[in-house]
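Single-structure report; data block below.
Owing to the predicted nature of the structure, the values given are computational and were not obtained by experimental measurement. In what follows, chains carry the letters A, B, and so on, assigned in the order in which the sequence lines appear, proteins first and then strands, with residues in each chain numbered from 1.
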Number of protein chains: 2
Amino acid sequence: MTATHRQANGAHKAAIRQENEHLILAAAERVFADYGFKGATTARIAEIADVPKANVHYYFSTKEMLYRRIMEDVCSHWLDAAMTFDNSANPAEVLRGYIEAKMDLSRARPHGSRIWAHEIIRGAKFSSDYISTTVKSWLDSRVVVLNRWISEGKMDAVEPYSLMYMIFATTQHYADFARQIEIFNNDAPLSDAQFAEAKENVVRIILKGVGLS
Amino acid sequence: MTATHRQANGAHKAAIRQENEHLILAAAERVFADYGFKGATTARIAEIADVPKANVHYYFSTKEMLYRRIMEDVCSHWLDAAMTFDNSANPAEVLRGYIEAKMDLSRARPHGSRIWAHEIIRGAKFSSDYISTTVKSWLDSRVVVLNRWISEGKMDAVEPYSLMYMIFATTQHYADFARQIEIFNNDAPLSDAQFAEAKENVVRIILKGVGLS
DNA sequence: TTTTAACCTGACCAAACGGTCAAGATAAAT
DNA sequence: ATTTATCTTGACCGTTTGGTCAGGTTAAAA
C-alpha cells in the first residue's frame, strides 16, 4: 500500500478503533440486555461481536468498565430523546409529546430499556448516584410543572409522581416485556400499525385520566 | 429420646424436609429476583438459606429445577391473588378490585414480580409455554369481557390489550422499580400512606381514562 | 436392639469464568 | 528503510461455577 492510498494523519488506525469499539459495544448492549451485569459473559460478547475475547479486553479493560460505558450511552441517549418534556406548550400537547417520544424510544432501542430494567431490579448498584442527581433533578423539575398546571386548574389534582411512574412503566413495558406481548399477540411481534394503535391508546387513556381531554 | 417424645408416623422427618425446602426456596426467590437465572449462584442461595451448598442440591437436584419450582410458585400465587378479575360486578368495581389486588401483590411479594420481569426480559425461555397457554387464556377471556362492556357502552372503546398492558406495567412497576422509586422519594421506601396514595392515583387515572368515572 | 431409610456435609471435580501476556502483524512516523 | 506505536490473538492462569460423592449422623421401622 503506497502513501497515496493511505488516509492522512493516521485516520485508518482511528477508523479501526472506532469500528471495533462499535462492534463490541453493540454486542455488549445485547448481552447485558438479555442477562444483566452478572449473567453476561465477556466470551458471549466477543462471540456476538465476532472478535477474539482478548480483543474485547484490549478495548475495554474490564467487564465493569464496558458495562459502565454502556450505561452512560443508554442514559445520554435517553436524556436526548426521552426527556423532551417541553413545558412551554399546553399540558395535553406536552404530555402527548413526551409519551409518544418514550414509546418510540422503547420501539427503536429496546435493549437500552432492558439494561436499565436489569440495573434497577438488582438495586441500581452502578447507577444510584446518577439517578439521585441527574434523573431526580429532571423528574423533580417536571413535577413542579405538573403541580403548576394543577394549581392553575388545567388538569386534575393527581399526585404527580404517580403519574410519571405510570408513564415510565407503561412506555417501557413495550420494550422490557416485548416478548410477553409478542406471545399474547399469537407469537408475532407487534406490527407498526398495532404499535401505533397501542401508542395512541396509551396517550388517550392517560390524557383523559388526568382530565386533559 | 423416647417413643413418647417422637411424633407419630415419621412426622418429624417430613417436618425437617418441609422446613429446609422452605428455607431454600425463600433464599432462592431472593437471589433469582436480584440476579436472574444466569446471574444467580447456588452458593449464594445456600449462604442466604444458611445451609451447606450440598444440601441445596440434596433437595433440588439442579439450579434449573429450583428455578422452575420458584416460577411455578410465583405463577400459582399470582393466579390466586392477582387474577381475581370478577366480571359479575360493574366495570368500575371490577377494574378497581383488580388494580388494587395487583398493587397489593407488588407490595407484599416484590420478589415474585422481579423474577417474572427477569424471565420475560431474557425472552421467557422457561415460561413461554405457560404464557401462551394458561396466561394467554386468562387474558383473552378478560379481553372478551372488556369488549362486551365496550359494546354495551359501559366504557370507552379502548383497545383492551393496551389497557391490560398498562395495568400490568403500572402495578408491577411498584415492585420491579421499587429501588428507583425509593431514590426519587429521597432514599426512603414508600410509606404505607404514600403507597396507598399511589394506589388510589393509579385507580383514579385508569378508571377515568377509560370512561369509568 | 438391630436394621433401614432418610438426612447431612466437607471435600472434591470438570467446566466456565474474567482477565493476562507474550509474540506476532500492521500501519504510521522518522 | 527503519523505528515506533498500535492492533491482534492463541494460549494460559487463578478463581468461581454447578454439580458429585463418600462417609457420616439421625430417626423411623422391624
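Following rounding to the nearest Å, A:Arg17 (CZ) and D:dA5 (C1') show an atom-to-atom distance of 12 Å. In this structure, the CG atom of B:Asn55 is 18 Å from the P atom of D:dG24, given to the nearest Å. Taking atom CD on A:Glu64 and atom C1' on C:dG19, their separation rounds to 14 Å, with Å as the unit. Across the protein-nucleic acid pair, A:Ile24 atom CD1 and D:dT9 atom P stand 11 Å apart, rounded to whole Å. What separates CD1 of A:Ile45 from C1' of C:dG19 is a distance of 13 Å, to the nearest Å. Rounded to whole angstrom, the span from the CD atom of B:Glu21 across to the P atom of C:dC7 amounts to 9 Å. Atom NE2 of B:His57 and atom C1' of C:dG10 are 15 Å apart (whole Å). Protein atom OH of B:Tyr59 is 18 Å distant from nucleotide atom C1' of D:dG19, rounded to whole Å.
Judged by a 6.0 Å distance limit and a 45° cone about the ring axis, A:Arg107 is positioned over the six-membered ring of A:Phe195.
Within 4.0 Å of A:Phe60, counting heavy atoms only, lies no atom of the nucleic acid at all. If you check every strand for non-hydrogen atoms under 4.0 Å, A:Ala46 touches nothing.
Comparing C:dG19, D:dG18, D:dC7 by their nearest atom to the side chain of B:Thr42 picks out D:dG18. Listed nucleotides D:dG19, D:dT8, D:dC21 differ in distance to B:Ala54; the shortest reach to its side chain belongs to D:dC21. Proximity note for B:Tyr58 (side chain, C-beta onward) versus C:dT20, D:dC7, C:dA6: the nearest is C:dA6. When distances run from any side-chain atom of B:Lys38 to the nucleotides D:dT9, C:dC17, C:dC8, the shortest one goes to C:dC17. Taking only side-chain atoms of A:Ile16, from C-beta outward, the nucleotide of D:dT8, C:dG19, D:dG19 with the closest atom is D:dT8. The side chain of A:Asn20 approaches D:dC7 more closely than any other nucleotide in the set C:dG18, D:dG19, D:dC7.
A:Tyr67 and A:Glu119 share a side-chain donor-acceptor pair at under 3.5 Å.
Inter-residue side-chain proximity for A:Phe168 and B:Gln180 is flagged as met; some heavy-atom pair is nearer than 4.5 Å. Taking 4.5 Å as the limit, some side-chain heavy atom of B:Phe32 sits within range of a side-chain heavy atom of B:Lys63.
Remark: B:Arg96 engages B:Glu200 in a salt bridge, criterion side-chain N to carboxylate O under 4.0 Å.
Below the 3.5 angstrom threshold, one finds no donor paired with an acceptor across the side chain of A:Lys63 and the base of C:dG19.
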